[in-house]
Amino acid sequence: MSSERIQAQALPFTVKSSKNLSLSGWTFLTLALYGLLALLNQLPDPLIPFLLAVSWGLLLLPLFVHRPLDWFAPPIFLLWWDVKTFFRPITWLTQGEIDVNLPTTLDENLSLLRWVLLAHIGASATYLMAFYGHRQAEWARRASRHLDLRQLDDWQSSRLMFLFSLAFPIAVASYFFILYAAGIDSIWEMLSRWRSKQELLAGKFYPLTIINLFALIVLMLLVHGWRKRSPYFKNFGLLCLIVYSAAIAMFGLRGHIVRIWITALGLYHYLVRRISLGAMLLTLMMIFLFAFISFQIRYAAFKGDISEGKLPTITVTMESVLQLIEMDLSTRGLDNQLIAFYVFPQYIPFQWGRSWLALVTLPIPRTIWQDKPVLTPGGLVRDQFYGGGGSLPLGYMGDLYANFSVFGIILGYWILGLYHRILYEWRRLHWDNLSVNFLYVVLLINFTTLEPLSFIHAAMYCLPAILLVKFVGTKL
């Protein structure tokens, strides 16, 4: 590691003042965005483009004021997951209607959209104040000093290979158990099941968890190779990561594959070389290409176009790209949050924390406690409003609103900003520690927000990662 890189890592990050050109550039971009949205707007409400521009402008603000620019700083990393909110509203603006699955009129949908966008603005502003506030920064520094892992900075190669040798046959056995239990005997049969990965993986929680945990060990091999500058560990870890991704892709777990590679990218960013803007844009293009190809395969499976010896034809056209945005990416935008604001509390009472209480009651079978709290408010919406099973992911903001109304959104995002600042200060305080960097990236990606499902991800990935690091770490 060069001396310039060491100095850059050691410097504290700063927030540039309002007199700085970066903040002026952000203001100009927000105004330009508002002008563009106003030109595209076909909705009978000129306030919507303004609220959208302010909402997106607040998401983009850390790119202009956070110095040095760090793609894996929590405020900037959140932008990765909120990109999907850019698609759906543009469709509504250009079409002049809000086609959401609700028995509402256009005027009612416009009112809902205004409230949701105001909630986004309030949530983003609260989060940024909590993360960048001076008092919260001091709290974060005090808390991070107590999380010292200097004794675990050096990983033992022998213990790491022991973990791999133990986990590899178990992961392979779990993989083939899933194939056997699902009755899959060919690659065409597996791809045809992409139309319903829930059906394919139903009842396979434990073997699937074992397979997912194996990815942590693969990442540790790769990271250990980077730290030791060992071609053996680097090449072996990269090969295992590629093979693992190809195997998991057969189950249609697109999101898990993206998370694994973003984790590897974040670790590379902190342990090897900072990711440039060009490299980040290339990464986003590769993620979009992967999403496009997997969507084409899944769409072909829905239509029944996959059979033995016949694979779907991947065609890149403007129509197919728009189809991906409309049928896949857009459906994960603001629609579900509009539904949450409509349903709660008019049709379903506010849950007042029952969604988080459900984490405690999760091990209790529903056959014993039939009325135990539902883990996600989206499950209540599916069950009590629409009818039928399944769930409706509302996101962190939707879960907060369904439990605690608008005040819960403000408080929840303030707590999230403080949690992220503690996490970020911890990594900066121990910037050269291998274990801290590894755990920081794993926590950031698998425990990004504080919604109930994130706690399950933390139990499945973050806690095992801590145990693995403690096992392979050596006391100095």
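Residue numbers count from 1 along this sequence. The shown structure was predicted, so the numbers you read here are calculated from the model rather than taken from an experiment. These values consider heavy atoms only, across backbone and side chains, with no hydrogens, waters or symmetry-generated copies.
- Using a 4.5 Å cut-off on side-chain heavy atoms (C-beta onward), Asn101 and Asp335 make no contact.
- Contact annotation: the side chain of His120 never approaches that of Val54 to less than 4.5 Å [non-hydrogen atoms, C-beta and beyond].
- The backbone N or O of Pro49 sits nowhere less than 3.5 Å from a side-chain atom of Asn41 that would complete a donor-acceptor pair.
- Checking side-chain atoms of Trp26 against main-chain N and O of Gly57 turns up a donor-acceptor pair under 3.5 Å.
- Residue Trp115 qualifies as open at atom CH2: its count of foreign heavy atoms under 6.0 Å is 12 or below.
- Here the side chain of Trp71 pairs no donor or acceptor atom with the backbone of Met280 at under 3.5 angstrom.
- Minimum interatomic distance between Tyr396 and Gly412 (heavy atoms only, all atoms of both residues): OH-O, 2.7 Å.
- Looking only at distances, a side-chain donor or acceptor of Tyr175 sits under 3.5 Å from a matching main-chain atom of Ala247.
- Looking at heavy atoms from C-beta onward, Leu444 lies out of side-chain contact with Tyr424 at the 4.5 angstrom threshold.
- No side-chain heavy atom of Ile260 sits under 4.5 Å from any side-chain heavy atom of Ile248.
- In this structure a side-chain-to-backbone donor-acceptor pair under 3.5 Å is present from Thr94 to Thr91.
- The closest side-chain heavy-atom distance from Ile262 to Phe77 is below 4.5 Å.
- In terms of heavy-atom proximity, Thr126 sits nearest to Gly122 at OG1-O, 2.7 Å.
- Applying the side-chain hydrogen bond (donor to acceptor under 3.5 Å, both in side chains) rule to Ser454 yields the partners Thr449; only residues at least two apart in sequence or on another chain are considered.
- Annotation: the span from Leu43 atom CG to Leu37 atom CG amounts to 11.0 Å, rounded to 0.5 Å.
- Applying the side-chain contact (heavy atoms from CB on, under 4.5 Å) test to Pro103 and every residue at least two apart in sequence or in another chain returns Tyr342, Phe385.
- In this structure, Pro62 and Tyr132 approach most closely via the heavy-atom pair CB-OH, 3.7 Å.
- Phe447 and Phe455 have perpendicular rings, their planes meeting at more than 60° on a 0 to 90° scale where under 30° would count as parallel.
- Residues Pro44 and Leu106 form a side-chain contact, since some pair of their non-hydrogen atoms from C-beta on lies under 4.5 Å apart.
- With sequence neighbours excluded, no residue forms a side-chain hydrogen bond (donor to acceptor under 3.5 Å, both in side chains) with Asn446.
- Ser405 places no side-chain N or O within 3.5 Å of a backbone atom of Tyr401 that could act as its donor or acceptor partner.
- When only modelled atom types and interatomic distance are considered, Arg427 and Asn437 share a side-chain donor-acceptor pair under 3.5 Å.
- Put simply, CG on Leu222 and CZ on Phe438 are 10.0 Å apart, with the number rounded to the nearest 0.5 Å.
- Counting all heavy atoms, side chain and backbone alike, Ala119 lies closest to Ile409 at CB-CD1, 4.1 Å.
- Within the 4.5 Å cutoff, no side-chain heavy atoms of His269 are placed close to those of Val441.
- Using a 4.5 Å heavy-atom threshold, the side chains of Leu216 and Thr263 count as separate.
- Side chains of Tyr440 and His430: no donor on one and acceptor on the other come within 3.5 Å.
- Checked by atom type, the side-chain pair Ser355/Asn403 shows a donor-acceptor distance below 3.5 Å.
- Heavy-atom minimum distance, Asp399 versus Leu394: OD1-CB, 3.8 Å.
- Between the side chains of Asp99 and Trp92, at least one donor-acceptor pair of N or O atoms lies under 3.5 Å.
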Item checked: Pair Met397-Tyr413, side-chain contact (heavy atoms from CB on, under 4.5 Å): steps then yes or no -> CA-CA 8 Å; Met397 194 183 82; Tyr413 272 86; 3.6 Å; yes
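- Leu359 approaches Pro452 most closely through the heavy-atom pair CD2-O, 3.5 Å.
- Proximity of a side-chain donor or acceptor of Gln351 to a complementary backbone N or O of Pro349 within less than 3.5 Å is detected.
- Under the 3.5 Å distance criterion, the side-chain polar atoms of His420 are matched with a main-chain donor or acceptor of Thr448.
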